[in-house]
Colleague: 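Handing you a structure now.
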Amino acid sequence: MIDIQILRNDIGIAKDKLLSRGFDLDVATFQSLENARKELQVKTQDLQEKRNSISKEIGILKSKNENTDLHMKSVNAISDDLKAGESELAELQGKINQFMLDIPNIPHESTPIGKSESDNKVLKTVGEPRKFTFNVKDHVDIGAQHGLNFDLGAKLSGARFVVIEGKLAKLHRAITQYMLDTQTDKHGYKECYTPYLVNSDSLIGTGQLPKFEADLFSLSHNESKLYLIPTSEVTLTNFVRDEVVKLSDLPIKLTAHTPCFRSEAGSYGKDTRGMIRQHQFDKVEMVQIVHPDKSYDALDEMVSHAEFILTSLELPYRLLSLCSGDMGFGAAKTFDLEVWLPSQNTYREISSVSNCEAFQARRLKARFKSEDGKNLFVHTLNGSGLAVGRTLVAIIENYQNEDGSITIPKALVSYMGGIEKI
RNA sequence: GGAGAGCUGGCCGAGAGGUCGAAGGCACUUCCCUGCUAAGGAAGCAUACGGGCUUAAACCUGUAUCGAGGGUUCGAAUCCCUCGCUCUCCGCCA
């Protein structure tokens, strides 16, 4: 949620900035809601004050056993107006809240302006793509002989599901363990195990709801509805929902390995081959809850934490600054890491690291007590460190051999029980 | 699944329809005292959102908030209903 004060004070600037990410702010609607709210709130609060003070007098009179008929009369005279005002105001504030929840974050000034992914800015390219002396295969073809089984996934669940068997499943697990160990032991994140099902409050907090319900899987449970997490950013970031944390507790650095579930609504026909885009995939997520002054330092730090995995796995990649039009709903600034996929002869996203500034914190009511005792919103950041499935794909493809075997990256050999090739 | 108890400010805890945003304690902040890593004294100390004033802040003022939502009432932390969560006992269970 963006700061409503920005809309009250400087809606023109907000409109321009939001337009740069393709969101057309409905200024007229906001202003008419806001004007109505102002008038109604003043009127209603005025009536409430009247009622409260008369009621207080009634209490005093009654304690002295005096007559209260006159006071009762005057309070009754305003009661209809008051009730109507209160319910109208509640409705209006609900509308304003809905309006606010649907507005994406305002891009940071350093975010490149652009419409689509073609406007993203490549900041650097790291590592040389390997020169192959044979025809490269994609991970689907190589994986087939190693237990990467899309047919079985389809039989069990449907399209965009996969079963991984044998040594490849072990490799998948090894990747996960390596990432978690690195982010905890080396980079100082606290490892967490979190629910995979969350309530709607959590998803509103991080910005997936109410706008992106179609992207989520949900289950009904008794009367209530639970959602499968699309990323553990949701659970980890919601640790601080409705909390006022101590200044000394910042930064909070959390990591978790969880499956992620995405309906991939609207991506029909995209990446249908292979395990680039699945309904279920694993991810090691990094989340930081930080002091507002430190969030951009933290962002750079988190990018380096994700990069470390790629460099230590010796995978070629590049770093992009996403343009305004390509960023996620809650982000003010996002860096993407893209890994080289030889079969596609291109780089594909494997990590996304974002600073949401106070956008999520406002929804979450996640605050800290500042030095002068004020409750201020924290800044929240999240990033993949990394997506496990796509890392498996990258390893299969970049480490493939002519005979169809896959060399295990050095960093993972110990996690594979000493196996160097599968 | 059954039975019961509970949910009050950063924490503990009183309050059982009227002058309660809420006693008291702890923690915290400032000041005083004290020749010492302690003790004592004074004051302050919830949050959100409005309105006024203002360049802004400070300030003044109002409203709301005692798990959440609804209801009764002139008036609800207090009474009623629904829901959520926590704890205890029984049952079942990885």
Side-chain angles (χ1 to χ4, degrees), chain A residues 1-10 13 30-101 193 195-205 219-227 235 238-250 252 289 358 360-378:
Chain A
M1 187 136 59
I2 63 172
D3 188 348
I4 196 165
Q5 296 302 343
I6 294 176
L7 298 192
R8 287 187 180 139
N9 300 333
D10 233 331
I13 290 182
F30 177 77
Q31 285 177 337
S32 77
L33 284 172
E34 180 61 9
N35 290 338
R37 187 226 96 226
K38 200 162 177 175
E39 191 184 331
L40 193 59
Q41 183 164 356
V42 170
K43 187 180 119 195
T44 304
Q45 290 192 349
D46 198 51
L47 289 174
Q48 285 171 326
E49 187 209 346
K50 236 177 237 163
R51 179 206 58 198
N52 290 346
S53 64
I54 297 173
S55 291
K56 203 171 219 173
E57 284 176 46
I58 291 173
I60 294 169
L61 290 175
K62 288 225 165 164
S63 71
K64 296 183 193 155
N65 271 321
E66 289 178 30
N67 184 288
T68 59
D69 289 356
L70 270 177
H71 290 76
M72 290 291 217
K73 215 177 224 172
S74 54
V75 96
N76 281 325
I78 61 172
S79 97
D80 283 353
D81 270 0
L82 179 57
K83 275 198 178 117
E86 280 175 342
S87 69
E88 208 181 321
L89 183 63
E91 194 185 327
L92 204 49
Q93 277 170 333
K95 275 187 195 162
I96 291 174
N97 195 40
Q98 282 304 309
F99 184 88
M100 295 302 295
L101 285 174
Y193 172 82
Y196 304 151
L197 292 168
V198 293
N199 56 34
S200 57
D201 284 346
S202 293
L203 289 155
I204 289 169
L219 296 91
S220 59
H221 170 67
N222 300 334
E223 302 295 293
S224 69
K225 192 173 184 183
L226 292 171
Y227 297 83
T235 46
N238 271 277
F239 278 21
V240 292
R241 170 153 54 88
D242 294 320
E243 299 289 335
V244 179
V245 301
K246 284 193 221 128
L247 183 61
S248 58
D249 289 339
L250 300 178
I252 298 171
I289 315 292
Q360 292 179 326
R362 257 179 232 110
R363 294 169 163 248
L364 295 160
K365 296 181 181 58
R367 292 161 300 173
F368 71 100
K369 190 73 86 180
S370 72
E371 265 154 348
D372 49 354
K374 294 214 164 109
N375 288 350
L376 303 176
F377 289 117
V378 296

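The sequence lines fix the lettering, A, B, ..., with proteins before strands; numbering per chain opens at 1.
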Colleague: So what does A:I54 touch, heavy atoms closer than 4.0 Å: a base, only the sugar-phosphate, or nothing?
Modeller: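 Contact class for A:I54: none.
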
Colleague: State which of B:U19, B:C74, B:U63 makes the closest approach to the side chain of A:M72.
Modeller: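 Between B:U19, B:C74, B:U63, the one nearest the side chain of A:M72 would be B:C74.
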
Colleague: May I have the distance from A:Q48 (atom CD) to B:U63 (atom P), rounded to whole angstrom?
Modeller: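 That distance rounds to 8 Å.
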
Colleague: So A:E86, base contact, sugar-phosphate only, or nothing? Heavy-atom distance under 4.0 Å.
Modeller: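 The answer is nothing, as A:E86 stays clear of every strand by at least 4.0 Å.
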
Colleague: May I have the step-by-step check of side chain to side chain donor-acceptor pair (under 3.5 Å) for A:N35 and A:S32, ending in yes or no?
Modeller: CA-CA 5 Å; A:N35 290 338; A:S32 77; over 6 Å; no

Colleague: Over all strands shown, is A:K38 touching base, sugar-phosphate only, or nothing at heavy-atom distances under 4.0 angstrom?
Modeller: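 Sugar-phosphate contact only - A:K38 comes under 4.0 Å of backbone atoms but never of a base.
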
Colleague: On a whole-Å scale, what distance lies between the P atoms belonging to B:G18 and B:C79?
Modeller: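 Here B:G18 and B:C79 have their P atoms 12 Å from each other.
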
Colleague: Take atom C1' in B:C7 and the same atom in B:G62, then report the distance between them in whole Å.
Modeller: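 The answer is 30 Å between these two C1' atoms.
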
Colleague: Got a salt bridge between A:E86 and A:K83, using NZ or NE/NH1/NH2 to carboxylate O under 4.0 Å?
Modeller: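 No, this pair does not count.
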
Colleague: Determine the contact category for A:N375: base if any of its heavy atoms lies under 4.0 Å from a base atom, sugar-phosphate if only primed atoms, P, OP1 or OP2 are that close, otherwise nothing.
Modeller: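 Contact class for A:N375: sugar-phosphate only.
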
Colleague: Taking the C1' atom in each of B:C45 and B:G25, what is the distance between them to the nearest angstrom?
Modeller: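 My reading of the C1' atoms in B:C45 and B:G25 gives 15 Å.
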
Colleague: Which whole-number value in Å describes the distance from A:Q45 CD to B:C60 P?
Modeller: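 These atoms are roughly 18 Å apart.
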
Colleague: Quantified in whole Å, what is the P atom distance between nucleotide B:G13 and nucleotide B:C26?
Modeller: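 Roughly 15 Å separates the two P atoms.
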
Colleague: Please identify each residue that fulfils ring-ring contact (aromatic ring centres under 6.0 Å, His included) with A:F30, with sequence neighbours left out.
Modeller: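 Per chain and number, A:F30 pairs via ring-ring contact (aromatic ring centres under 6.0 Å, His included) with A:F99.
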
Colleague: Taking the C1' atom of each, how far is B:A68 from B:U86, in whole Å?
Modeller: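 B:A68 and B:U86 have their C1' atoms separated by 15 Å.
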
Colleague: To the nearest Å, how far apart are A:R362 CZ and B:C49 C1'?
Modeller: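 From A:R362 CZ to B:C49 C1': 15 Å.
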
Colleague: Looking at A:R367 and A:F377, would you say the former's side chain and the latter's main chain have a donor-acceptor pair under 3.5 Å?
Modeller: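 Answer holds: no.
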
Colleague: Report the residue (A:G59 or A:I4) whose heavy-atom-nearest nucleotide on RNA chain B is the more 5′ of the two.
Modeller: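 The 5'-side residue here is A:G59.
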
Colleague: So which one's nearest nucleotide on RNA chain B is more toward 5', A:V244 or A:E34?
Modeller: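 On the 5' side of the pair lies A:V244.
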
Colleague: Represent RNA chain B in dot-bracket notation, 5' to 3'. Only Watson-Crick or G-U wobble pairs with both distances under 3.5 Å count; pseudoknot-style crossings use [ ] and interstrand partners use |.
Modeller: ((((((((.[[[..)..(.....]]].(((((.......))))).(((((((......))))))).[[[[[..)....]]]]])))))))....

Colleague: Under 3.5 Å, which donor-acceptor pairs do the side chains of residues 65-72 of chain A form with other protein atoms, sequence neighbours left out?
Modeller:
unit_1: A:N67; atom_1: OD1; unit_2: A:D69; atom_2: N; d: 2.8
unit_1: A:H71; atom_1: NE2; unit_2: A:E57; atom_2: OE1; d: 2.9

Colleague: Just the rounded figure in Å: distance from P of B:G52 to NZ of A:K43.
Modeller: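 A:K43 atom NZ is separated from B:G52 atom P by 18 Å.
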
Colleague: Quick one: is A:R367 getting a side-chain N or O under 4.0 Å of the B:A48 phosphate, OP1 or OP2?
Modeller: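 A:R367 to B:A48 OP1/OP2: side-chain N or O found under 4.0 Å.
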
Colleague: Round to a whole Å and report the spacing from CD of A:E39 to C1' of B:G52.
Modeller: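 Distance, rounded to whole Å: 17 Å.
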
Colleague: B:A27 and B:G44: how far apart are their C1' atoms, nearest whole angstrom?
Modeller: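 It works out to 14 Å between them.
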
Colleague: Are a donor atom and an acceptor atom from the side chains of A:S202 and A:N199 found within less than 3.5 Å of each other?
Modeller: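 Yes, because at least one side-chain N or O of A:S202 sits under 3.5 Å from a partner of the opposite role on A:N199.
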
Colleague: Could you tell me how far B:G10 sits from B:G84 if I compare only their P atoms? Round to whole Å.
Modeller: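 Result for the P pair: 26 Å, nearest Å.
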
Colleague: In this structure, how many angstroms lie between the P atom of B:G18 and the CZ atom of A:R51, rounded?
Modeller: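 Going from CZ in A:R51 over to P in B:G18 covers 17 Å.
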
Colleague: When the P atoms of B:C11 and B:U30 are compared, how many Å lie between them, rounded to an integer?
Modeller: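 These two P atoms come out 22 Å apart once rounded.
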
Colleague: Tell me what A:K62 touches on the nucleic acid: a base, only sugar-phosphate, or nothing, going by heavy atoms under 4.0 Å.
Modeller: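 The residue A:K62 makes base contact.
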
